[in-house]
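Single-structure report; data block below.
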Amino acid sequence: MSERQGTTVIKGGRVVDATGERAADVLVQHGQILAVGPDLDGDAVIDAGGCIVAPGLVDLHSHLREPGKEEAETVETGARGAALGGYTAILAMPNTTPAIDSAGVVREVLELGASAPCDVHTSGAITVGRAGQQLAPMAEMAALGVRIFTDDGAGVQDNRLMRRAMEYASGLGVTLAQHCEDDALCGGGHMHEGAWSSRLGIPGQPAEAEELMVMRDIALARLTGARIHFQHLSTAGSVRMVAEAKAAGLLVTAEATPHHFTLTDACCASYDPVFKVNPPLRTDADVAAVKAALASGAIDAIATDHAPHTTEDKEQPFDEAPPGMLGLETALALALTELDLPIAQILALLSWRPAAILGIGHVHGGPVAEGAPANLCVIDPSATWVVDPVALASRSRNTPFAGRTLRGKVRHTLLHGEPVVLDGVAQR
Ligand code: DOR
């Protein structure tokens with residue numbers, strides 16, 4: 001048997017990772033990178049001419065809807081969309097039915113993800129049933145590898161309980177992630193509170209509803225020394241506070257979504273619920289602040305908040321429709337199209353920084369180097385395409401970007417050395 005049997009070479013691309021950029025072929029065998037360099041040969045050839053070869057993307061925020069809402073998405077369909085979007089690892093959110101708040105449900109989600117076309121990690125809920133009343137059994141979930149705990153879809157409202165959660169999480173060495181929203185202030189609101197909500201007659205949620213919780217959690221992180229990750233930050237005030245907390249040396253990280261750096265509350269003028277999301281689309285000034293924070297590093301990661309909803313659920317009147325929009329298949333292209341940043345910085349936000357936050361940097365997001373796991377994506381940075389909801393792999397269709405022309409397309413994705421996407425087509 002030849003030493004090179006079963007090798008695949010990714011040929012003619014430009015490798016971009018945390019160590020820099022270089023023209024190189026990448027040779028893969030048995031799930032690992034065998035060599036990176038010029039003029040490599042393999043049994044199979046994957047063309048990367050004119051493309052970027054990068055570590056696979058990592059999403060910190062995917063709603064996969066399983067168990068409980070399989071008509072909107074399953075772990076498998078969500079993971080397929082992720083692979084098509086260039087992701088090799090995603091983190092499932094716990095607002096399923098039942099919630100992912102025990103070892104049993106964690107095990108179920110991990111089993112569903114075991115055969116998926118990207119690595120599926122799961123978060124665990126901070127509180128039982130995400131009800132905000134009592135702490136969930138975080139230790140038994142951590143024992144199964146859960147590294148991020150969140151009640152996402154809701155923030156933990158009770159200050160004392162959040163303090164206890166931080167103390168408990170610190171002891172376990174895990175990270176708490178917060179959906180920052182003060183329920184009392186948001187109550188009854190369906191979009192950002194401001195000039196547009198007044199004009200449209202839609203009750204609003206003030207920016208302060210997010211910012212108060214960011215402020216509280218920074219104070220509690222200072223008190224407890226805990227690690228806290230802020231999810232989907234959307235306001236200028238939030239990103240300013242996070243930047244200050246980082247400068248003060250607190251263990252704080254943050255993410256922002258593609259929709260919060262591309263869309264504003266003005267979109268709601270259509271009364272189309274596809275633009276309804278939590279936290280809500282904000283103002284031009286907020287979008288500018290989020291973009292600046294992505295550029296400065298005050299926000300560490302782009303996370304999708306991929307939130308599939310069935311057409312039946314989403315096509316209700318604005319005030320009755322559930323919040324959320326699809327994200328996994330458009331995130332990279334939105335970043336490449338809308339952010340005026342070097343590609344290495346965009347990939348840092350989408351790959352190696354989120355991998356580090358999730359604690360999987362040894363498997364995903366790492367340098368493209370000999371001996372590393374072959375979790376890779378190949379991106380054509382100049383290809384343009386038009387978002388067609390019907391063509392998405394997701395079971396749902398609720399993308400606010402339908403009809404938009406985007407630049408940057410994932411050509412291939414390799415998961416543990418296996419091509420799961422080739423020429424933009426899912427292989428399983
Ligand atoms: O818009 C949202 N949708 N925000 C969330 O926090 C939850 C998510 C969902 O699960 O649909």
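Residue indices begin at 1 and follow the sequence shown. None of the values given here were measured: they were computed from a predicted structure.
Of all heavy-atom pairs between Arg397 and Leu326, the closest is C-CD1, 3.9 Å. The two residues Leu91 and Leu60 have their closest heavy-atom pair at CD2-O, 3.4 Å. For the pair Gly408 and Trp385, the tightest heavy-atom approach, listed with the atom from each and the gap, is O-NE1, 2.9 Å. Annotation for Ala369 and Val36: closest pair CA-CG2, 4.0 Å, computed over non-hydrogen atoms. Smallest separation of non-hydrogen atoms from Trp352 and Ala344: CZ2-O, 3.5 Å. Taking both residues in full, the closest heavy atoms of Lys291 and Phe261 are given as CE-O, 3.4 Å, listed atom of the first, atom of the second, then distance.
A salt bridge does not link Glu71 with Arg65: none of the charged nitrogens is closer than 4.0 Å to a carboxylate oxygen. Between Arg107 and Glu111, no side-chain nitrogen of the basic residue sits less than 4.0 Å from a carboxylate oxygen of the acidic one, so the salt-bridge criterion is not met. The existence of a salt bridge linking Glu320 and Lys314 is excluded, since no basic side-chain nitrogen approaches an acidic carboxylate oxygen closer than 4.0 Å. In this structure, Arg14 pairs ionically with Glu21, as a charged nitrogen and a carboxylate oxygen lie closer than 4.0 Å. At a threshold of 4.0 Å, the pair Arg80-Glu76 counts as salt-bridged, since one of the basic side-chain nitrogens sits closer than that to a carboxylate oxygen. By the 4.0 Å N-to-carboxylate-O rule, Arg411 lies close enough to Asp423 to be salt-bridged with it. A salt bridge links Glu338 with Arg404: the distance from a Lys NZ or Arg NE/NH1/NH2 to an Asp or Glu carboxylate oxygen falls below 4.0 Å. A salt bridge does not link Asp158 with Arg164: none of the charged nitrogens is closer than 4.0 Å to a carboxylate oxygen.
Using a 4.5 Å heavy-atom threshold, the side chains of Leu392 and Thr399 count as touching. Counting only heavy atoms from C-beta outward, the side chains of His121 and Ile360 approach each other to under 4.5 Å. With a 4.5 Å cut-off on side-chain heavy atoms, His190 and Lys276 count as touching. The shortest side-chain heavy-atom distance between Thr150 and Arg130 does not fall under the 4.5 Å cut-off. Two residues are said to be in side-chain contact when any heavy atoms from C-beta on lie closer than 4.5 Å; Asp151 and Ile126 meet this criterion. Using a 4.5 Å heavy-atom cutoff, the side chains of Ile379 and Leu347 are in contact. Annotation: side chain of Asp119 is in contact with side chain of Leu415 (closest heavy-atom distance under 4.5 Å). The side-chain heavy atoms of His192 and Leu281, taken from C-beta on, include no pair separated by under 4.5 Å.
A distance of 9.5 Å separates CG in Asp300 from CD in Glu255, rounded to the nearest 0.5 Å. Taken from CG in Leu376 to CD1 in Ile46, the straight-line distance is 9.0 Å, to the nearest 0.5 Å. To the nearest 0.5 angstrom, Leu251 atom CG is 12.0 Å from Arg222 atom CZ. With rounding to the nearest 0.5 Å, the separation of CZ in Phe149 from CD in Gln178 is 14.5 Å. Within the model, atoms CG of Leu332 and SG of Cys377 stand 7.0 Å from one another, a figure rounded to the nearest 0.5 Å. Summarising the geometry, atom CD1 belonging to Ile148 is positioned 8.0 Å from atom OG belonging to Ser123; distances are rounded to the nearest 0.5 Å.
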Worked check of side-chain hydrogen bond (donor to acceptor under 3.5 Å, both in side chains) between Glu66 and Thr96: CA-CA 6 Å; Glu66 202 174 17; Thr96 48; over 6 Å; no
Could you go through Glu73 and Ser394, starting from their C-alpha distance and side-chain angles, then the distance that decides it, and tell me whether this counts as side-chain hydrogen bond (donor to acceptor under 3.5 Å, both in side chains)? CA-CA 6 Å; Glu73 198 74 290; Ser394 173; 2.9 Å; yes
For Ser234 and Arg282, what are the C-alpha separation, side-chain angles and deciding distance, and is it a side-chain hydrogen bond (donor to acceptor under 3.5 Å, both in side chains)? CA-CA 7 Å; Ser234 66; Arg282 305 285 187 184; 2.9 Å; yes
Assess the residue pair Asp152 and His63 against the criterion (side-chain hydrogen bond (donor to acceptor under 3.5 Å, both in side chains)); give the C-alpha distance rounded to whole Å, side-chain angles, the decisive distance to 0.1 Å, and a yes or no. CA-CA 10 Å; Asp152 185 63; His63 295 275; 3.0 Å; yes
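By the 6.0 Å contact criterion, CZ on Arg216 is enclosed, its count of non-hydrogen atoms from other residues, nucleotides or ligands being greater than 12.
Side-chain contact check for His309 and Ser396: no donor-acceptor pair (N or O, by modelled atom type) lies under 3.5 Å. Side-chain polar atoms of Glu211 and Thr235 form a donor-acceptor pair below 3.5 angstrom. Between Arg395 and Thr77, the side chains place no donor N or O within less than 3.5 Å of an acceptor N or O (distance only, hydrogens not considered).
No option in His306, His260, His179 other than His179 meets the ring pair (Phe, Tyr, Trp, His ring centres under 6.0 Å) test with His232.
Looking only at distances, a side-chain donor or acceptor of Thr304 sits under 3.5 Å from a matching main-chain atom of His61. Distance alone, capped at 3.5 Å, is enough to place a donor-acceptor pair between the Ser351 side chain and the Gly56 backbone. Listed for the Thr264 side chain is no donor-acceptor partner under 3.5 Å among the backbone atoms of Thr283. Under a 3.5 Å cut-off, the side chain of Glu70 and the backbone N or O of Gly68 do form a donor-acceptor pair. Checked by atom type and distance alone, the side chain of Ser197 pairs as donor or acceptor with a backbone atom of Gly194 at under 3.5 Å.
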